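Source: prediction; values computed, not measured.
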Amino acid sequence: MQARAKGLATGSTIFSDIEAYSTTGQDNITHVACTPAVTTAVLTYQSAWTSRLHDLGFLSGFYSSLGSGVRDQVEAYLSTAYVRPDYLWFARYDTIATVSDPSIPSSYWLHRRIKQYRGGADETYGGELLNVDRDLLDVTPVPATLFGDFTGNGWSDLLARQVSNGSLYLYPGNGTGLAARSRIGGGWNVMGAITRFGDFNRDGHEDVIARENATGALWLYLGNGAGFSSRLRLGWGWNGVHEITPVGDFNGDGYPDLLAVQNSTGYLYLYLGHGPSLSAGRKLGGGWNAMNELVGVGDFNRDGHVDLIARHGATGDLWLYPGTGTGFGARVRIGTAWNGMRDLVGVGDFDRDGYNDVLAVETATGKLFRYPELGTSLGSRVQVGAGWITDMRPLL
């Protein structure tokens with residue numbers, strides 16, 4: 001790729017410069033009549049540009065004027081039809097050195113803005129006269145995605161199984177929505193529980209754990225970014241538990257760990273990961289048969305420990321169980337009426353805003369929603385997909 005040939009490292013931001021265009025009447029320069037199709041063309045181009053950069057491990061920047069390109073990006077900010085750029089560089093020659101503007105909501109591109117506040121003017125540097133613009137920057141690095149990135153390009157992805165044929169699919173994330181799926185395996189209907197586990201063997205790729213129905217064997221499938229290279233057996237007798245759930249690095253030893261509920265007693269057990277093996281289960285508490293969804297969500301409350309979300313089957317209440325490194329602290333209710341949702345999934349920091357996110361399917365409609373974590377609660381949901389009927393089941 002040309003960017004790498006020029007020495008730009010993975011994670012660099014590459015800007016697309018879209019000069020001002022007329023949004024009504026005709027273009028001021030070419031005198032070509034403008035229609036809403038121009039806006040659509042710009043948004044489509046920028047979305048494809050951003051998506052491709054994300055695929056290649058780069059970040060996207062967008063430069064334009066407030067009255068055209070920036071206006072259209074602001075209006076499309078919450079749309080999942082377009083992948084929005086990571087950084088915004090807008091031009092307004094009012095000589096005011098600020099990155100704030102009434103036309104851009106304060107929560108949009110927070111600390112990811114550049115303003116060009118003065119056009120070309122003569123300035124002298126080192127005895128040389130140069131014609132330069134003036135810009136003000138308020139930019140911080142885009143946070144890393146600590147888990148959920150199956151492809152390894154820096155963005156959280158989704159895995160799902162098609163129940164009718166046992167196929168496993170990868171839905172690459174792009175920060176805004178999900179790209180077209182690709183099939184990464186078949187024959188997965190012999191597995192009664194399939195869960196994403198993070199990078200279990202620490203080779204830089206996310207792995208999957210699955211329980212075989214017939215034998216109760218628990219298998220580790222080693223990911224390679226596009227599928228699986230091989231599998232290892234972690235143990236036998238796992239038919240005696242349910243809600244097998246990845247929880248991240250619970251005890252801080254650098255390896256991801258696993259939770260599961262014992263069928264017969266309702267006890268919750270912690271299984272510490274050690275690369276290609278698991279420790280014997282350690283009981284954390286009872287009464288967990290009342291919960292019918294467990295979700296590992298990373299460090300939800302940002303206290304340095306990974307946490308767990310659980311849904312109560314009878315009431316539909318959603319509870320946050322803050323991790324302590326050795327167990328869980330006092331739970332906090334963060335939602336009600338969640339019985340209408342299924343397949344709750346911790347997907348990591350999907351939009352890389354510094355907070356992890358949760359995905360869930362609305363049972364009645366088959367719509368897939370993203371719920372941003374806010375540290376103490378979940379934010380307003382955003383639809384990121386449709387058609388998720390019961391035949392398609394996202395993996396935990």
Novice: What distance separates Phe300 CZ from Asn356 CG, expressed to the nearest 0.5 Å?
Specialist: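 It comes to 9.0 Å.
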Novice: Might you work through the side-chain contact (heavy atoms from CB on, under 4.5 Å) test for Leu258 and Leu218, ending with a clear yes or no?
Specialist: CA-CA 12 Å; Leu258 196 68; Leu218 193 69; 4.2 Å; yes
Novice: Between the main-chain N or O of Gly154 and the side-chain N or O of Thr145, is there a donor-acceptor pair closer than 3.5 Å?
Specialist: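 Yes, Thr145 side chain to Gly154 backbone: donor-acceptor pair under 3.5 Å.
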Novice: With a 3.5 Å distance limit and no angle check, can you tell me whether Asp199 reaches the backbone of Gly204 through a side-chain donor-acceptor pair?
Specialist: yes
Novice: Counting distance only, does the side-chain N/O of Gln162 pair as donor-acceptor with the main-chain N or O of Ser164 below 3.5 Å?
Specialist: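 Here the side-chain-to-backbone pair does not exist.
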Novice: How far apart are the closest heavy atoms of Arg352 and Pro143, and which atoms are they?
Specialist: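 It is NE-O, 2.9 Å.
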Novice: To the nearest 0.5 angstrom, please state how far the CH2 atom of Trp288 sits from the NE2 atom of His312.
Specialist: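 Rounded to the nearest 0.5 Å, the CH2-NE2 separation comes out at 11.0 Å.
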Novice: Sequence neighbours excluded, which residues qualify as ring pair (Phe, Tyr, Trp, His ring centres under 6.0 Å) partners of Trp109?
Specialist: Tyr77
Novice: Compute the centroid of each ring, for Phe250 and then for Phe328, and state whether the two points are separated by less than 6.0 Å.
Specialist: yes
Novice: Report yes or no: does His54 contribute a side-chain atom to a donor-acceptor pair with the main-chain N or O of Asn174 at less than 3.5 Å?
Specialist: yes
Novice: Just by distance, do the side chain of Ser167 and the backbone of Gly186 share a donor-acceptor pair under 3.5 Å?
Specialist: no
Novice: Tyr21 and Ser68: which non-hydrogen atoms are nearest, and at how many Å?
Specialist: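 Where Tyr21 meets Ser68 most closely, the heavy atoms are O-CB, 3.0 Å.
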Novice: Donor-acceptor pair, Arg196 side chain versus Val208 backbone, under 3.5 Å?
Specialist: no
Novice: Is it possible for you to check whether Arg161 lies under 6.0 Å from the centre of the six-membered ring of Trp188, through NZ or CZ, and within 45° of that ring's axis?
Specialist: no
Novice: How about Gln46 and Thr50: does a side-chain donor come under 3.5 Å of a side-chain acceptor?
Specialist: yes
Novice: Salt bridge between Asp317 and Arg333, side-chain N to carboxylate O under 4.0 Å?
Specialist: yes
Novice: Is the Trp89 ring parallel, tilted or perpendicular to the Tyr63 ring (thresholds 30°, 60°)?
Specialist: perpendicular
Novice: Would you please test Tyr169 and Arg183 for side chain to side chain donor-acceptor pair (under 3.5 Å) and show each step?
Specialist: CA-CA 4 Å; Tyr169 290 96; Arg183 185 175 181 272; 4.8 Å; no
Novice: Assess whether side-chain contact (heavy atoms from CB on, under 4.5 Å) is satisfied between Leu88 and Ile114, documenting all intermediate values.
Specialist: CA-CA 6 Å; Leu88 181 70; Ile114 306 172; over 6 Å; no
Novice: With a 3.5 Å distance limit and no angle check, can you tell me whether Asp349 reaches the backbone of Gly354 through a side-chain donor-acceptor pair?
Specialist: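 Yes.
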Novice: Just by modelled atom types, is the Gly240 backbone N or O under 3.5 Å from a matching donor or acceptor in the Asn263 side chain?
Specialist: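 Side chain of Asn263 to backbone of Gly240, a donor-acceptor pair under 3.5 Å: yes, one is there.
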Novice: Give the C-alpha distance, both sets of side-chain angles, the deciding distance and a yes or no for side-chain contact (heavy atoms from CB on, under 4.5 Å) between Val295 and Val345.
Specialist: CA-CA 6 Å; Val295 188; Val345 177; 5.7 Å; no
Novice: Flag this pair as yes if the NZ/CZ of Arg381 is under 6.0 angstrom from the six-membered ring centre of Tyr371 and inside a 45 degree cone about the axis; otherwise no.
Specialist: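 That pair does not qualify as a cation-pi contact.
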Novice: Can you tell me if Arg331 has over 12 outside heavy atoms packed within less than 6.0 Å of its CZ?
Specialist: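 Yes, the 6.0 Å shell around CZ holds more than 12 heavy atoms from other groups.
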Novice: Would you find a donor on one side and an acceptor on the other, under 3.5 Å apart, between the side chain of Asp343 and the backbone of Arg393?
Specialist: no
Novice: Ignoring hydrogens and angles, state whether a donor on the side chain of Tyr87 or Arg112 is under 3.5 Å from an acceptor on the partner side chain.
Specialist: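 Their side chains do not contain a donor-acceptor pair, so the 3.5 Å distance test is not met.
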Novice: Can Asp149 and Ser156 be counted as having a side-chain donor-acceptor contact under 3.5 angstrom?
Specialist: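 Absent: no donor and acceptor within the cut-off.
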Novice: Scan Leu178, Val347, Asp351 and name whichever one has a side chain to side chain contact (heavy atoms under 4.5 Å, CB included) with Arg370.
Specialist: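 Of the listed options, the one satisfying the test is Asp351.
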Novice: The test is side-chain contact (heavy atoms from CB on, under 4.5 Å); show your working for Leu59 and Leu53 and say whether it passes.
Specialist: CA-CA 6 Å; Leu59 299 171; Leu53 286 178; over 6 Å; no
Novice: Show your reasoning for whether side chain to side chain donor-acceptor pair (under 3.5 Å) applies to Arg202 and Tyr255.
Specialist: CA-CA 8 Å; Arg202 300 199 296 191; Tyr255 288 98; 2.8 Å; yes
Novice: With no hydrogens and no angle check, do the side chains of Thr44 and Ser47 hold a donor and an acceptor under 3.5 Å apart?
Specialist: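 Absent: no donor and acceptor within the cut-off.
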Novice: Check the side chains of Asp86 and Ser60 for a donor-acceptor pair under 3.5 angstrom, ignoring hydrogens and angles.
Specialist: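 No donor-acceptor contact under 3.5 Å links the two side chains.
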Novice: Taking only residues two or more places apart in sequence, or in another chain, which ones meet Trp319 in a ring pair (Phe, Tyr, Trp, His ring centres under 6.0 Å)?
Specialist: none
Novice: Ignoring hydrogens and geometry beyond distance, is a side-chain donor-acceptor pair present between His205 and Asn224 at under 3.5 Å?
Specialist: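 No pair is found: no donor N or O on one side chain lies under 3.5 Å from an acceptor on the other.
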Novice: Name the orientation class of the two ring planes belonging to Tyr221 and Phe228 (parallel below 30°, tilted from 30 to 60°, perpendicular beyond 60°).
Specialist: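 Perpendicular: the ring planes of Tyr221 and Phe228 meet at over 60°.
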Novice: Can a salt bridge be assigned to the pair Arg311 and Glu243 using a cut-off of 4.0 Å between side-chain N and carboxylate O?
Specialist: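 Not counted as a salt bridge, because no side-chain N and carboxylate O are separated by less than 4.0 Å.
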Novice: Taking Ser12 for its side chain and Ala9 for its backbone only, find out whether a donor-acceptor pair lies under 3.5 Å.
Specialist: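 Answer holds: yes.
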Novice: Applying salt bridge (charged side-chain N to carboxylate O under 4.0 Å, His left out), which residue pairs with at least one partner in residues 114-125 are found, sequence neighbours left out?
Specialist: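 Every pair satisfying salt bridge (charged side-chain N to carboxylate O under 4.0 Å, His left out) with a residue in residues 114-125: Asp94-Lys115, Arg118-Glu123, Glu123-Arg134.
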Novice: Do Tyr93 and Gln116 meet the criterion of a side-chain donor-acceptor pair at a distance under 3.5 Å?
Specialist: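 A donor-acceptor contact under 3.5 Å links the two side chains.
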Novice: Can Tyr82 and Asp72 be said to form a side chain to side chain donor-acceptor pair (under 3.5 Å), step by step?
Specialist: CA-CA 11 Å; Tyr82 303 104; Asp72 290 340; over 6 Å; no
Novice: Could you label the plane-to-plane angle of the Tyr269 and Tyr271 rings as parallel, tilted or perpendicular, counting under 30° as parallel and over 60° as perpendicular?
Specialist: tilted
Novice: Do Trp238 and Val261 sit in one hydrophobic cluster, given that two such residues count as connected whenever their side-chain heavy atoms are within less than 4.5 Å of each other, even indirectly?
Specialist: no
